[in-house]
There are 2 protein chains.
Amino acid sequence: MARDERKRPTIYDVAREAELAPSTVSRALSNPGRVSSRTREHVLAVADRLGYQVNSLASALPSGRTHTVALFVSDITNPHFFGIIRGAEHQARAAGCTLILGDTEESPEVEARNIERLGSSVDGFVVAASRMTDEDIEALAGKHRVALISRQLAGLPSVIVDHVDGTREIVEHLAALGHESLVYLAGPRRAWLTDQRWRGLAQAARRVGMSARRLGPFQPTMRAGANAADVALGSGATAAVAHNDLMAIGMLRRVAERGMRVPDDLSVVGFDDIFGSDISSPALTTLGGPFEEVGRLAVDSLLGMREKSREAGRAEQIVLPSHLVIRGSTGKAPVR
Amino acid sequence: MARDERKRPTIYDVAREAELAPSTVSRALSNPGRVSSRTREHVLAVADRLGYQVNSLASALPSGRTHTVALFVSDITNPHFFGIIRGAEHQARAAGCTLILGDTEESPEVEARNIERLGSSVDGFVVAASRMTDEDIEALAGKHRVALISRQLAGLPSVIVDHVDGTREIVEHLAALGHESLVYLAGPRRAWLTDQRWRGLAQAARRVGMSARRLGPFQPTMRAGANAADVALGSGATAAVAHNDLMAIGMLRRVAERGMRVPDDLSVVGFDDIFGSDISSPALTTLGGPFEEVGRLAVDSLLGMREKSREAGRAEQIVLPSHLVIRGSTGKAPVR
DNA sequence: TTGAAAGCGCTAACAT
DNA sequence: ATGTTAGCGCTTTCAA
C-alpha cells in the first residue's frame, strides 16, 4: 500500500495545488458566486487536472443534504411501477440525485422498517401505493420529507391519477354497451385506491342506473385474478372491473379456462394499462395514466418541498388525467 | 430551533447515558465480541431507550464501507430485469445493504458516467447487460468492486444463464418440428449476449444440418420487433429466433398485422421468458432462466469478493441453467 | 473575496 | 475489555 498513490484526490489536494484554502475550493465547487470568477476557474481547472471528484458521503455529513431520494413501491414485480420507477429515476438524476429503490412487499411493516432504516441517509421518501395507515404516514412525515404516489393525505404532497373521472368513464363505457350490472373486484384493504375506486364506480353506476357490487378483497396479482374471475362469474354481473391489470389479466385467463368467453359472457376492465395489457387476448380495456410523469412529478415535489409548498402552508396535491383505453375485453352485454 | 430537542441521538448521547466511552459504544454496536457481554447489553438497552439509530453516512466516512450496492441495468422498462432487480434487492437487504438502481439506457456513456458519479458512495457495482467495452469494464474494475450479469470477462465475478445449452435446446426443438432454416434477429452490437447467442445458434444449427443466418442488429424493443418481423419474413426462413422476448412479442404482432400466422407461416422464439410472454397470442416459446437467482447471486458474489475469490486469484463465474419454455409460437415447419 | 478553524457522527489505531 | 485521540472529506460560521 503506497502512501498517496491510489487515493482519490480531495479538496485539500486541490487547495494545495491551487495555492488556496480548502474552504475556498469548497465554495468554488459548490457555491459559485461566493468566489471570484477568476479563482473559480482556476480551481475548476486544477480539480479537473487532478481528476478530483466530490465524495458525496463526506459532503453529506456536515451539510445534511445527501442528494439521494428513496422510492418505495408495494411490489417491485408489478409492471405498473415500471413507468413510475423510470420517471422517478430520470427526475432524480436530472436533479443531481441518486435514487434508492425499495420493495415493501405489500406489507406496512416492511414499509415502515425500511423507511426507518434509511432514515438520515436520504433527503426524502417517495412512497408509491403505501399500505401504511394515515397515522403512521403522518408520523413518518413528521420526521422525514415525504411525497405520496397513488394516495392522498392532507398536508402531504402527492401525485395521483384521476380516478373520479376515470371510474366515471369506465361506467359510462359499460353502460353504452348495454351493461346493467357490474362487480368491482377489490384490491387490498390497506390500499387507499381500493376504496377510492369503489367509491367512484359506485357513484357513477348510481348515476346511470347500473347496479354495482364490491367483492373481495383480493391480492392485486395475476394469481388472485383466477379467484376473482370465479367470483365475478358467480355474481351474475355482466361486467367486471378489476382493481388492477394484473388481476384483470389473471381473470381473462381463468374465464377462458372455464370455457367462457370475454367479452361475450363477461366484460373485463382493469386499471393501469400496464405492459402486457395490450398483448393479452382479448387485449384489455383499462384505465391508463401518465405514470412516468407521476414518478417524475413526485420526485419533483419532494425535492421542491422546502422552497414553497411547505412554507406556503400546504403541499401540492397533483391529480393527473387518466384515460380509458378501450380494447377487446369489453363488449356488448349478453342478452339474458 | 431548540438545542437538542429535535436531533437524533448520537453515540455520544448513548455513551454519556451509559457512562462509557463513545468508542465502547461504537464497538458494542458494530463489533460485538470485542466488548464484554454485560456492557454490550447495557449499551444496547440504553441505545434502544434513547431511540438511537446509526447514521450510516457517518459510519461510512471513516470506515469506507457504505453498505450500499448499485445495480445498473441497460433498460429499466424491460421486464427482463424485474426478476434480476427483485433478486438483487432481496439479497442486498438480507446482507444489510441498500440497493441503488440505475438505468443506463443502452448507452455505454451513460453507464460509465453514472458509475463514475456514484464512485465512492457504494461498496460495489452490479452491472447487468453492460454495453461498455471489455477495456472500459476492466478499467472500471480496477477502481471499484464489480460483478457482471449476462456478461463474462476474465477475472471478474459474473452470473449468466447458460446460453450454450439454451441455444442448443432451441435449435433441436426447431429441428424436431421439421425446420431447416432459421434466422437470428440480433440484438445490439455492444451487447455481449448478441454474439454469444448467435454463436450458440450457429453452432447448434450446423450440427443438426440447419441453415442459420444472422440479421440485424436491432434495438431490443417491441418496436424494433416489427422491423425484425419484416426482415425475418423476407428472409425465407421458417423459424425466427429473436434476441429477446420484447422483440419477439413485437414480431408476433407485426406478423399478424401483415396477415400471416405464427406458427403456421413462421415460428418465433424469444429469450428471457419475461412477464407477458405467456399472455401474448400465441404465447411465446422462449428460453427462460432463474433471473431472481441471477440477481441474488450477483450481489452475493459482489459482497463476498474480498473474502475469497479475489485473493484466491480469480473470481467466480457462475452459469445458471436455462430452460426452454415451449408455447404456441413454435410449430411444425410449413411445407414449401 | 478569501482564510482559519470547528465540527458532522462515526471508526480505528494506539494506549491502558 | 475499555478509554483516548486522531482523523474520514467536506461544509460553514466567523474573522480578516
Side-chain angles (χ1 to χ4, degrees), chain A residues 1 3-4 6-44 46-47 50-68 96 118-123, chain B residues 1 3-4 6-44 46-47 50-68 96 118-123:
Chain A
M1 315 293 177
R3 271 306 301 266
D4 40 7
R6 285 205 53 75
K7 300 197 51 181
R8 295 167 42 140
T10 72
I11 52 170
Y12 288 94
D13 299 317
V14 177
R16 192 177 333 106
E17 194 74 9
E19 299 186 308
L20 287 165
S23 53
T24 305
V25 174
S26 173
R27 283 189 204 98
L29 258 24
S30 51
N31 229 340
R34 299 183 60 77
V35 88
S36 88
S37 62
R38 270 199 62 232
T39 43
R40 213 194 76 224
E41 275 165 28
H42 182 211
V43 167
L44 257 37
V46 172
L50 263 48
Y52 169 81
Q53 302 222 129
V54 295
N55 178 328
S56 53
L57 257 51
S59 79
L61 194 48
S63 71
R65 283 176 263 102
T66 63
H67 292 285
T68 300
L118 285 183
S120 60
S121 40
V122 300
D123 286 343
Chain B
M1 317 293 176
R3 271 306 300 266
D4 40 9
R6 284 206 53 76
K7 300 196 52 179
R8 296 169 39 142
T10 72
I11 53 170
Y12 289 95
D13 300 317
V14 176
R16 192 177 334 104
E17 195 75 8
E19 299 186 306
L20 286 165
S23 54
T24 306
V25 173
S26 172
R27 284 189 203 99
L29 258 26
S30 52
N31 229 339
R34 300 183 59 78
V35 89
S36 89
S37 61
R38 270 198 64 230
T39 43
R40 212 193 78 224
E41 275 166 30
H42 181 212
V43 168
L44 257 37
V46 172
L50 262 48
Y52 168 80
Q53 302 222 129
V54 294
N55 178 326
S56 52
L57 256 54
S59 78
L61 194 48
S63 71
R65 282 176 265 102
T66 62
H67 293 285
T68 301
L118 286 183
S120 60
S121 42
V122 300
D123 286 343

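Chain A is the first sequence line, chain B the second, and so forth, proteins listed ahead of strands; every chain is numbered from 1.
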Undergrad: With side chains defined as the heavy atoms from C-beta onward, is the minimum distance between B/S121 and A/L57 less than 4.5 Å?
TA: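 With C-beta onward as the side chain, the pair touches.
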Undergrad: Enter the distance from B/L29:CG to B/Q53:CD here, rounded to the nearest 0.5 Å.
TA: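 Those atoms lie 11.0 Å apart.
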Undergrad: Let me confirm one number: the OG-NE2 distance from B/S56 to B/H67, rounded to the nearest 0.5 Å.
TA: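 It is 8.5 Å, given to the nearest 0.5 Å.
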Undergrad: If I compare all heavy atoms of A/Y52 with all of A/P9, which pair ends up nearest, and what's the gap?
TA: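 Residues A/Y52 and A/P9, closest heavy atoms: CD1-O, 3.2 Å.
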Undergrad: Starting at CG of A/L57 and ending at C1' of C/dG9, how long is that distance when rounded to a whole Å?
TA: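 It is 12 Å, rounded to the nearest whole Å.
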Undergrad: Of all the heavy-atom pairs spanning B/V46 and B/A18, show the shortest one and how long it is.
TA: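 Where B/V46 meets B/A18 most closely, the heavy atoms are CG2-CB, 4.0 Å.
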Undergrad: Looking only at heavy atoms, what is the nearest atom pair of A/L44 and A/A28, with distance?
TA: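 Here A/L44 and A/A28 meet closest at CD1-O, 4.4 Å.
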Undergrad: To the nearest Å, how far apart are A/Q53 CD and D/dC10 C1'?
TA: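 Distance, rounded to whole Å: 15 Å.
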Undergrad: When you compare the side chain of B/D123 with that of B/T68, does any pair of heavy atoms fall below 4.5 Å?
TA: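 They are not in contact (no side-chain heavy atoms under 4.5 Å apart), so the answer is no.
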Undergrad: Specify the separation, in whole Å, of atom CZ of A/R65 and atom C1' of D/dT11.
TA: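 For the pair A/R65 CZ and D/dT11 C1', the rounded distance is 8 Å.
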Undergrad: Can you measure from CG (A/L118) to OG1 (A/T66) and round to the nearest 0.5 angstrom?
TA: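 So the CG of A/L118 and the OG1 of A/T66 are separated by 9.5 Å.
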Undergrad: Taking only N and O in the side chain of A/Y12, is any of them less than 4.0 Å away from OP1 or OP2 of D/dT11?
TA: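 So the side-chain polar atoms of A/Y12 never come under 4.0 Å of the phosphate oxygens OP1 or OP2 of D/dT11.
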Undergrad: Mind running a 4.0 Å heavy-atom check of residues 18-25 of chain A against DNA chain C and sending the residues that fall below it, in number order?
TA: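 Those residues are A/L20, A/A21, A/S23, A/T24.
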Undergrad: So what does A/S26 touch, heavy atoms closer than 4.0 Å: a base, only the sugar-phosphate, or nothing?
TA: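 Contact class for A/S26: base.
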Undergrad: Could you tell me how far apart A/L61 (CG) and C/dG7 (C1') are, to the nearest whole angstrom?
TA: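 From A/L61 CG to C/dG7 C1': 9 Å.
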Undergrad: May I ask you to check whether B/S36 and B/T39 show a side-chain donor-acceptor distance below 3.5 Å?
TA: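 Yes, a side-chain donor-acceptor pair sits under 3.5 Å.
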Undergrad: In whole Å, I'd like the distance from the CZ atom of B/R16 to the P atom of D/dT2.
TA: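 In whole Å, D/dT2 P lies 20 Å from B/R16 CZ.
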Undergrad: Please give, in whole Å, the distance from C/dG7 P to B/N55 CG?
TA: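 In whole Å, C/dG7 P lies 18 Å from B/N55 CG.
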Undergrad: Roughly how far apart are B/I11 CD1 and B/L50 CG, rounded to 0.5 Å?
TA: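 If we round to the nearest 0.5 Å, B/I11:CD1 and B/L50:CG are 13.0 Å apart.
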Undergrad: Quick one: closest heavy-atom pair of A/R27 and A/R34, and the distance?
TA: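 The answer is CD-O, 3.8 Å.
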Undergrad: Contact list please: residues 27-41 of chain A against DNA chain D, heavy atoms, distance less than 4.0 Å, in numerical order.
TA: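 Contacts with DNA chain D under 4.0 Å: A/R27, A/S30.
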Undergrad: Bend across the helix from C/dT1-D/dA16 to C/dT16-D/dA1, to 10°, with axes taken over 5 pairs at each end?
TA: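 Both end axes considered, the difference amounts to 30°.
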